[in-house]
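Values below: every heavy atom of this structure, side chains too, minus hydrogens, waters and symmetry copies. FYI, the numbering just counts along the sequence from 1. All values reported here derive from a predicted model rather than from experimental measurement.
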Amino acid sequence: MLRGLDIRDMLIIDRLELDFQNGLNVLTGETGAGKSILLDSLGFVLGWRGRAELVRAGADQGEVTAWFDLPEDHPAQTVLIDAGWDPTDELILRRVNSKDGRKTAYVNDRRASGEVLRRLSETLVELHGQHDDRGLLNARGHRALLDSYAGLGDELNELRSLWRAVSAAQKAVINAETKIAAAKEEEEFLRHAVSELDALDPQQGEEATLDTQRRLMQSAEKIREDVARALASLSEGAEGAMTDATRWLHGVADKAEGELDAPLSALERAQVELGEAQSGVEDFLRSLSFNPHELEEVEERLFAIRGLARKHNVLPDDLGSFADTTRAKLAAVDESDAMLAGLQSELNEARAAFDDAAQSVRRKRTKAAKELDAAMAAELAPLKMERAVFATELSDAAAGPDGIDDVAFTVATNPGAPSGPLNKIASGGELSRFLLALKVCLTSTTSGLTMIFDEIDRGVGGATADAVGRRLADLADGGQVLVVTHSPQVAALGGHHWRVEKNVVDDVTLSTVVPLDAEARVGEIARMISGDTITDAAKDAAKALLIG
């Protein structure tokens, strides 16, 4: 429930604080007194889009604060938790508008975005007037209103999930078809490339190994002679000298008191190392012996690997992975028909599941539409429109996340008259009553919502205005309704009454709101009946209306 509204320096309001109550709250006043400013200010603090210039002339900034009571199960609690706030039993919204246009919002004294305000406002306040195009008069929103009336939340969540599955499966088919088409365009190239790669079968690191072999073979004749001489020196000179030295030292070692033990050990180690060196040189020398055709074979394979790498613009060592990728592409072409058939089957299954769910939702919408039409007929009768016909029409729509139905609210104001959209068929007074009846039906299961009606009684009077007022009072029973009205019949049915006044103080026009006691209400309703000159007859009529 909206408990209060504090407005500072907004348009022609310098400072205004209002405390609202449960039940039917009515605001009256002369045209231009500032009633719309109150609604603009409330819309501003709730994050709604409205006037661009709201700050009062001469002020640095304007500010609006609204506070609400929140039961534990109020839908706004979920919005708060999702946005990072703790649950609370009192919600305070504050929004500041500087004269340069910057806007700053706070939720319970913590900075908040305009989006958070708007999400909260959807659970807190429903503003409706004759020219409201956000919901009831906008055919694009009729399906959502019917779905809410029917309580299709869970079914729609499932339907949207199935639609996402259809979209994903359809995307998979399209992507596969695109890839297969591209692969088939290069099928001949792929088959030739795989054939070449399989025939050559290049190995990781093979190019470097072949290059080393080639360079050794090319230099073999140049280094063979020197390597052979080195081997001869090792075999004949060094080995014999070391052998002789070892023999001579062993002959005198027993007379050297151990002084020759270390040199002898060193010689033994040297002989071992010399043997290893000799063996290594021999192995290398043998490697330099090859068939002249081997060089041609090595060069031929080396050049083949390098040529294939250049052809496919990859490194020689990457030919193996390139071959795997190419084989995979070719396999995809070969297996494309089966793969595409599998994806198409998945798409068909997803569509079938969606179609079943969409048909189920259509049946429930059809049932809810009949129930809404019956509820509207019952609501229109007390509003003196028992001859009018309201119909909820379902038609086929392109499949989408919300199903396969379009929904439109249509009316016929008299039997036999053609039906059509609300805002094109009904007159001003009729439209007001249609919208009030719709609001009653569509919010019958809504709790904790403050409903605001801006001149919903425009264009009606007498018994019809009384009927509108009584329906508003019934709607406010157990809840909260705010009504901006020029109808004395509606004003008289309010549980709480405020008069909006405009005054000039020191050449400055200011708007204020005055709560009315019982005596003041008589005067205000009498003014609404008779105009500027309040007669005794008008007062008597006002008292009669208040007595009911």
Indicate the atoms forming the closest heavy-atom contact of Ala491 with Arg521, along with that distance. O-NH2, 2.7 Å

Test: Arg15 and Glu17 ion pair at under 4.0 Å: yes

Are Thr28 and His486 close enough that a side-chain donor and a side-chain acceptor fall under 3.5 Å? no

Any carboxylate oxygen within less than 4.0 angstrom of a Lys/Arg side-chain nitrogen, looking at Glu371 and Lys367? yes

Derivation and outcome, salt bridge (charged side-chain N to carboxylate O under 4.0 Å, His left out), residues Asp474 and Arg470: CA-CA 6 Å; Asp474 291 342; Arg470 293 186 184 282; over 6 Å; no

Enclosure of Glu90 CD (heavy-atom neighbours >12, cutoff 6.0 Å): yes

Under the salt bridge (charged side-chain N to carboxylate O under 4.0 Å, His left out) definition, can you give me all pairs with a residue in residues 393-419, not counting sequence neighbours? Arg143-Asp402, Arg160-Asp402, Arg362-Asp396, Arg362-Asp405, Arg365-Asp405

Geometric cation-pi criterion, Arg95 with Phe44: 6.0 Å, 45°: yes

On the six-membered ring of Trp85, is Arg110 placed so that its NZ or CZ lies under 6.0 angstrom from the centre and within 45° of the ring axis? yes

Just how far is it from atom CG of Leu16 to atom CH2 of Trp498, taken to the nearest 0.5 Å? 11.5 Å

Salt bridge check: are Glu501 and Arg499 linked by an N-O gap of less than 4.0 Å? yes

Show the numbers, then the answer: is there a side-chain hydrogen bond (donor to acceptor under 3.5 Å, both in side chains) between Ser113 and Glu115? CA-CA 5 Å; Ser113 66; Glu115 178 61 26; over 6 Å; no

Could you tell me whether Lys502 and Glu30 have a side-chain N and a carboxylate O separated by less than 4.0 Å? no

